[in-house]
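Report on the following structure.
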Amino acid sequence: MRGTDIQSGEAAATLAALATPALLLDRDRLDRNLARLSSRMAARGVVLRPHMKTGKSIDVARRVYQSVPGPITVSTLAEAEYFAQHGFRDITYAVGLAPHTADRAMRLRQAGVDLKVLLDSPEQGVMLGAAGRAAGVRPSAFIEIDCDGHRGGLTATDPKLITVAAALAEAGVELAGILTHAGESYGLSAPEALVAAAENEKTVAVAAAAALRAAGHECPVVSVGSTPTAHCAEDLAGVTEMRAGVYMFFDLVMHGVGVCTTDDIAISVLATVIGTKPEKGWILVDAGWMALSRDRGTAAQRVDQGYGLVCDLSGEVCRDLIVVQASQEHGILAMRSGSTQALPHLPIGAKVRILPNHACATAAQHELYNVVSSDSAAIEARWPRMRGW
């Protein structure tokens, strides 16, 4: 299913008429964010392989690649199948391999998709080789490298790295290269710490690739990536590609990290005021955690944004007004603790936009994007999102 433009006179063609809660996407901010990282990687001679786990929409992907489909990363095989149906052929599935995903992945390779998978053990290599033989195709896999202790993978100095590469060769699996993700960068905020995290990510990845090559294994792709390190890396010598996803939309966590401003955040949840509790300093809206998600990713940051930062209908931030509590379908707006700002007057029926803590988690609560421009209240298009695993 493809997104549709809104025709003149169609119902709910403006923000004022839109039923809430609803997910909004500012196309101007999206395009600006895409251009920012694309030009940054082009200047460093590194291929950008966008992670579509954030957008999960062919219409978003068509803003990334406006002419022909290019390389992408996915987090589910449902995403891989969805984007393959829309013409994408160079796809990395950046989640560790299981038996059922190996078989399913090989069906995509049978269909002509260059799907590369991720693993970090000889057992997975043997399993993948068997799935490839059963499907009559040659699998391709990355070895996952742990650069900062954040998730899975092998360290660059682990002797098992060479063991896994040998197991892949024995099983008839092509070694695509190594892949790492500097997930610990999400917990940083100081510019020098972010630069150091990006340098460490690069250094570890290049060292792992060198170890494989020294042992006689080809390692054509050195893949790194996280939105913070992608925007802070100064030297990417030895890296061939960068993966990032949330950079398309940004969010309050990325704002807290320091790689974007609130004016860069491209998605928001439109909500309607449904009650007030002046004696408590509360305004109630119809967007609870079912619309915003339960993500509290800013709670550990210097500025806690509650369940989201509130903006007026035009997108202007209401200083210090946040969603302090959320139940399933209710959100409670209040001034953040310590604020000297007065609670704004928002009558019943007034609409606000709420910027999300985590763009991926909030977007996942919704079936489509209501697309707007930065300077207009008109809904220009509706872009469906895919779901599932």
Side-chain angles (χ1 to χ4, degrees), residues 44 46-47 49 51 53 73-75 92-99 101-102 105 116-129 139-171 173-188 190 192-245 257 300:
R44 288 159 177 78
V46 172
V47 172
R49 181 181 289 274
H51 207 316
K53 68 174 184 174
T73 312
V74 298
S75 61
T92 294
Y93 171 48
V95 174
L97 200 66
T101 53
K116 296 168 282 292
V117 299
L118 184 65
L119 47 76
D120 64 359
S121 72
E123 293 79 8
Q124 288 169 306
V126 171
M127 176 185 70
L128 181 60
S140 180
F142 285 101
I143 299 177
E144 184 174 9
I145 302 300
D146 176 10
C147 68
D148 59 8
H150 180 76
R151 201 174 284 163
L154 306 171
T155 63
T157 57
D158 190 335
K160 192 177 177 182
L161 176 62
I162 309 306
T163 304
V164 174
L168 293 179
E170 179 68 21
V173 177
E174 176 188 41
L175 176 58
I178 63 91
L179 181 152
T180 193
H181 168 65
E184 288 297 292
S185 64
Y186 280 62
L188 304 175
E192 60 274 16
L194 288 163
V195 171
E199 178 64 20
N200 176 72
E201 180 182 46
K202 183 263 300 201
T203 299
V204 171
V206 170
L212 287 167
R213 292 167 184 151
H217 300 282
E218 292 187 3
C219 186
V221 179
V222 180
S223 181
V224 304
S226 74
T227 288
T229 54
H231 288 83
C232 296
E234 296 179 344
D235 176 12
L236 290 171
V239 168
T240 65
E241 70 173 29
M242 176 68 71
R243 306 175 329 279
V257 169

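Pairing each heavy atom of I162 with each of A211, the nearest pair is CD1-O, 3.6 Å. When all heavy atoms of V239 and V46 are compared, the pair lying nearest together is O-CG2, 3.9 Å. The two residues S226 and H181 make their nearest non-hydrogen contact at CB-CE1, 3.7 Å. Here the closest heavy-atom approach between residue L119 and residue A141 is recorded as CD2-CB, 4.0 Å. Residue Y186 comes nearest to V257 through the heavy atom pair O-CG2, 3.4 Å, listed as atom of the first residue, atom of the second, then distance. Contact detail for G177 and C219: the closest heavy-atom pair is CA-SG, 3.7 Å.
A heavy-atom distance below 4.5 Å is found between the side chains of P122 and K160. Within the 4.5 Å cutoff, no side-chain heavy atoms of D148 are placed close to those of V204. No side-chain heavy atom of V47 sits less than 4.5 Å from a side-chain heavy atom of T240. In this structure, R243 and L179 have side chains that are in contact, with non-hydrogen atoms separated by less than 4.5 Å.
Of the possible polar contacts, none joining the H51 side chain to the A244 backbone as a donor-acceptor pair under 3.5 Å is found. Counting only distance, with no hydrogens or angles, the side chain of H231 and the backbone of T227 share a donor-acceptor pair below 3.5 Å. In this structure a side-chain-to-backbone donor-acceptor pair under 3.5 Å is present from D120 to G153. Side chain of T92 to backbone of K116: no donor-acceptor contact under 3.5 angstrom is found. With T180 contributing its side chain and A205 its backbone, the two residues share no donor-acceptor pair below 3.5 Å.
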Given the rule in the side chain to side chain contact (heavy atoms under 4.5 Å, CB included) test, do M242 and V224 qualify, once you have shown the distances and angles that lead to the verdict?
CA-CA 5 Å; M242 176 68 71; V224 304; 3.7 Å; yes
For I143 and L168: C-alpha separation, side-chain torsions, deciding distance, then whether side chain to side chain contact (heavy atoms under 4.5 Å, CB included) applies.
CA-CA 10 Å; I143 299 177; L168 293 179; 4.1 Å; yes
Pair V95-L118, side chain to side chain contact (heavy atoms under 4.5 Å, CB included): steps then yes or no
CA-CA 6 Å; V95 174; L118 184 65; 5.8 Å; no
Trace of the side chain to side chain contact (heavy atoms under 4.5 Å, CB included) decision for T101 with V117
CA-CA 9 Å; T101 53; V117 299; over 6 Å; no
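For the atom pair CG (L161) and NE2 (H217), the distance works out to 8.5 Å, reported to the nearest 0.5 Å. The OH atom of Y93 sits 13.0 Å away from atom OG1 of T73, with the distance rounded to the nearest 0.5 Å. Taking CD of E234 as the start and CG of L194 as the end, the distance is 11.0 Å to the nearest 0.5 Å.
Of the residues E144, M127, E123, the one that meets the side-chain contact (heavy atoms from CB on, under 4.5 Å) test with L97 is M127.
Pairs engaging residues 193-208 under the side chain to side chain donor-acceptor pair (under 3.5 Å) rule: E199-K202, E199-T203, E201-T229, K202-D235 [sequence neighbours left out].
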